[in-house]
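The structure under discussion appears below in the form of structure tokens.
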Amino acid sequence: MTSLECKKVSMKFGALAAVQMVSFSLNSGEILGMIGPNGAGKTTLFNCVIGVYRPTSGKIYVNGIDVTGMKPHKVCRIGLAKTSQIMEPFTGMTVFENVLVGALHGGRMKMGPASYKTEQVIELVGLNEYAYKLSGSIPVPVRRRLELARAIATGANILLLDENMAGLNPHEIDEALEILKKIRDSGKSLIVVEHIMRVVMGISDRIIVLNYGSKIAEGLPEEVVNNEAVIKAYLGEKLSSLKVA
Amino acid sequence: MNYRIDRIILILFLMFTGAVAFVPYLVQSEYQLRVVTVVVLWVGIAGCWNMMSGYTGYIDFGPVVYFGIGSYVVAIAMTKYSVPFFPSLFLSGCISAFVAFLVGIPTLRLRGAYFAIATFAFAEAMKQITLEFDRTFNVSFFQGSDGITLPISNYENSFFFYCILPVTFLVVFTHYFIEHSKFGYALKAIKEAESAAEISGVNTTANKLVAYVMSAFFLGLFGAIEAYWITYITPSDVFNVQKTVQMVIMTLLGGMGTFLGPVVGATFLTLISETLGAQFVEYYLIMIGAIIIVAILIMPSGIIGGLKIRKKLRFI
Amino acid sequence: MDTVLAQAIINGLLLGGVYAAYSAGFSLIFGVMGVVNLAHGELIMLGAFTSYWLFAYFNLDPYLSAPVAMGLLFLFGYVVQKYIINRVIGQPHIMSYILTFGLHLMVANIAIKMWTQDFRSITTSYSGANAAIWGLNIPYARLVTFIVALFVTWGLWFFLMRTETGRAIRATAQDKEVARLMGVDIRNIYAITFGLGAAITGLSGSVMSPFVIISPEMGLEYTIIAFCVVVLGGMGYMPGALVGGLVLGVAQSLAATYLNAGVSVAITFIILFVMLIIRPRGLLGKGSVA
């Protein structure tokens, strides 16, 4: 079943087309990798999908519902949450309260159930020891996990992770990958944007590649990595011999 | 553990309000009763500002407009249409809230300095309109700079004290509610990072609007009660930007976005102006200016805010 | 075109030029530091008083004392920014509003203490003299001030565009972190910016002194007009101050001619409110939006 579908989405800023006629779909329980050089339009596409921008043309469906032009909080309640590339925790609140906001408002829960849900999510992403610290005072890798936790707590069945692993060390990345697999196994679908190839190749069921705002390739990780256009646009000559295990 | 402290504070607060209710029987003079009433009034008014601006971080520089609307609604209802005081009072709150609803929809889209300036401009525009309306359209409704004299009441000062106390109590109790509710988390999330709040499912527009309208409703009530107490209002008095400034400074001194901030700040500043202000009239405003500057530089989170950070308390 | 209308427009333009000059400083300070300076009118008041006292004691013509006002206000602005306002930069914006409001209270009330609340004016040989052209009256003093005002606005623009310091200021306004990395001393640039804003504002106050009423309490009204001008022109966009000033000047003048002075104030605020809602980037659409 399709959880998210984009049909010919375009976004123009004046004369600049940041996203051009991009179509893709995400099946439930799937992890879709999205790659592309800087400025390829990934973040703009995400912002269209979650409702921060209204796309110039095209349609977006979340769980079968047309969400084109809807406000972000509505899209979130229909089932799509995003972690931001620029981390924005509510710095005056504790980690627990940050996640609680997601559960209360995104999940439309009452105080009691929301607290219970928050505890579960915090357990899931391994934030227990930080739960009662102010989110302004925790280190970057923990903030990344907090973003993830807040998105999960909204109860959305689709998560968009915009460079959620940037700045993590290899050990932390391994931990994060474990968490992502756990999340997927709990029945959610994910879109993962990353620059770290190991992450995208290792975890994605399918990959789409953007360049200059257009989709230039789509397929299994090994197909994409051997695709001529992709190698030219993004990976460069050196990686053409890369073998994916 | 913090939740327990929190309960204790609520109980103390209820007991304190109960004790304050006996003040009219304890004071030695009408002057003392007047001072206490003014303190309670300002705790409430500052609380109205804190409810909106303290929690959402949207700095409203024109809250006085709802105070003024409240005053004018009660004055016009009582003098022109002979409506008794309590229905007029209720009407004041409702009309203030309704105007806030209409104004809030477009202005709450603005951020930072733009919101502050827009609210300020709206308040000043309303003041000028009440001043000039009659002369421009050649009618007698707001009575311009002549002002309106309300029907003189036979009530004692204690009557007004008992009008103000419950409203102030409601305002402070609303703060307590904000601290512990879904609504409060929405406001705080908006203050910290509005776009993140939005993608986490917070309906930012609706929540801001509710806070704004609530604050306007209470301000309207206070404006109405004060108008009836003083019995004479002019646009320059009830829409005086100085009132806005007082609300902001009191809240800031006490601590923005805290439950007890306006209570502490308003009590402190009102008592200072009653004592110092009476003795050093000429230097009073210079001193207020200096207090503001020093307060911002050495304790930007205010008295309660600072305490909260140092003692790691959550809800005060 | 009938004479009354033409006269109203001319009065408006003359007024607007002055608005532009003292609002340019407000816009500069906001554009570079994000500080909404609520003590702006006090800078005008101090400039006007500088000219007043120099005129009263030494009989110095206000136009000649303008450079003195400029120098004094630069120092004042520099010191205030360096030792007071710099300490809240980077904190939430409200801190700067409240801080400058505290400054407004202190400066205005100390001035009242020193100089009393009396209304003062400077009466020169050319006060009240008009050039009459085609049946229209153009007061000499206002015309000269208008020209000086335009020159000042242009001078500020030139300074920002062509000098090393101006470039540093613009770089800081765009991205203070990058500017810091490029070796710009941010705190010093802030102090210079505020000093510069204060200097041209003080100069405007000084050249306005021959035809305005001078009193310690005059400031707040000018702060409000500066707000309005800057919003019309676009916050932080310097040439916008000129457009905003002229538009507001003409609008007020027309309202005052055909309606009354009170309504013209009401119109100022209504314009301000409506502009913020429908075009927060200003008439030209080049202002910054926070």
Side-chain angles (χ1 to χ4, degrees), chain B residues 53-54 57-59 61-62 103 105-107 109-133 135-136 144-145 191 241-242 244-245 248-249 251-253 256 282-298 300-301, chain C residues 30 34-36 38-39 80 83-85 87-88 91-113 220 223-224 227-228 230-231 235-236 259-278 280-281 287-290:
Chain B
S53 298
Y58 273 71
I59 304 307
F61 265 180
V103 171
I105 291 172
T107 35
R109 289 185 305 144
L110 304 169
R111 294 194 181 178
Y114 292 82
F115 178 75
I117 300 170
T119 49
F120 174 78
F122 177 68
E124 288 296 303
M126 286 301 283
K127 176 171 106 186
Q128 286 298 325
I129 288 168
T130 39
L131 268 174
E132 301 296 335
F133 188 84
R135 217 180 336 156
T136 312
S145 53
K191 178 181 186 173
V241 67
Q242 210 69 37
T244 297
V245 170
V248 177
I249 291 168
T251 310
L252 206 82
L253 273 181
M256 273 178 68
E282 296 168 44
Y283 295 98
Y284 175 62
L285 286 174
I286 302 180
M287 284 187 299
I288 293 292
I291 290 176
I292 295 170
I293 294 173
V294 171
I296 290 281
L297 294 183
I298 67 172
S301 339
Chain C
F30 178 83
V35 170
V36 174
L38 296 177
V80 164
Y83 296 103
I84 301 177
I85 304 178
R87 300 179 57 169
V88 298
Q91 288 186 29
H93 278 197
I94 177 150
M95 295 301 173
S96 73
Y97 314 157
I98 311 254
L99 189 64
T100 52
F101 190 82
L103 273 174
H104 148 77
L105 280 182
M106 274 192 87
V107 174
N109 288 288
I110 290 175
I112 290 176
K113 201 68 203 112
L220 194 58
T223 307
I224 292 166
F227 253 174
C228 194
V230 167
V231 168
M235 293 276 257
L259 299 161
N260 66 50
V263 175
S264 117
V265 180
I267 284 174
T268 308
F269 288 113
I270 294 169
I271 291 178
L272 182 54
F273 182 69
V274 173
M275 272 299 293
L276 278 165
I277 287 170
I278 60 171
R281 284 169 175 279
S288 56
V289 168

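In this text the structure is predicted, and so the values were computed from the model without any measurement. Convention: sequence-line order gives letters A, B, ...; per-chain numbering from 1.
Taken from CZ in Arg109(B) to CD1 in Ile277(C), the straight-line distance is 7.5 Å, to the nearest 0.5 Å. For the atom pair CD1 of Ile224(C) and CZ of Phe120(B), the computed distance is 3.5 Å after rounding to the nearest 0.5 Å. Taken to the nearest 0.5 Å, the CD1 atom of Ile98(C) stands 6.5 Å off from the CD1 atom of Ile249(B). Going from atom OG1 of Thr119(B) over to atom CG of Leu276(C) covers 9.5 Å, rounded to the nearest 0.5 Å. Here CZ of Phe101(C) is found 10.5 Å from CD1 of Ile288(B). Values are rounded to the nearest 0.5 Å.
For a residue to count as touching a neighbouring chain, one of its non-hydrogen atoms must lie under 4.5 Å from one of that chain's; by this rule Ile117(B) touches chain C with backbone and side chain alike. Neither the backbone nor the side chain of Phe115(B) comes within contact range of chain C; no heavy atoms are under 4.5 Å apart. Neither the backbone nor the side chain of Val294(B) comes within contact range of chain C; no heavy atoms are under 4.5 Å apart. Looking at Ala116(B), the atoms closer than 4.5 Å to chain C (heavy atoms on both sides) all sit in the side chain, from C-beta outward. Only the side chain of Met256(B) comes within contact range of chain C, with heavy atoms under 4.5 Å apart. Heavy atoms of Leu103(C) lying under 4.5 Å from chain B belong to its backbone as well as its side chain. At a 4.5 Å heavy-atom cutoff, the contact between Val36(C) and chain B is made by side-chain atoms alone. If you measure heavy-atom distances from Leu285(B) to chain C, the contacts under 4.5 Å come from both the backbone and the side chain.
When all heavy atoms are compared, the tightest approach of Ala121(B) to Phe273(C) is CB-N, 4.0 Å. Pairing each heavy atom of Leu297(B) with each of Arg87(C), the nearest pair is CD2-CB, 3.8 Å. Met106(C) approaches Ile286(B) most closely through the heavy-atom pair CG-O, 3.6 Å. Of all heavy-atom pairs spanning Ile270(C) and Ala125(B), the tightest one is CG1-CB, 4.0 Å.
Every residue two or more places apart in sequence or in another chain that forms a side chain to side chain donor-acceptor pair (under 3.5 Å) with Arg135(B) is listed here: Glu132(B).
Highest contact tally toward chain B, considering only Thr100(C), Val88(C), Leu99(C), Leu220(C), is held by Leu99(C) [criterion: heavy-atom pairs under 4.5 Å]. Counting heavy-atom pairs closer than 4.5 Å to chain C, the top-ranked of the candidates Ile291(B), Val103(B), Leu131(B), Val245(B) is Val245(B).
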Given Leu38(C) and Phe61(B), is the side chain to side chain contact (heavy atoms under 4.5 Å, CB included) satisfied, shown in steps? CA-CA 12 Å; Leu38(C) 296 177; Phe61(B) 265 180; 4.0 Å; yes
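Residues Ile129(B) and Phe269(C) fail the side-chain proximity criterion, which asks for heavy atoms closer than 4.5 Å.
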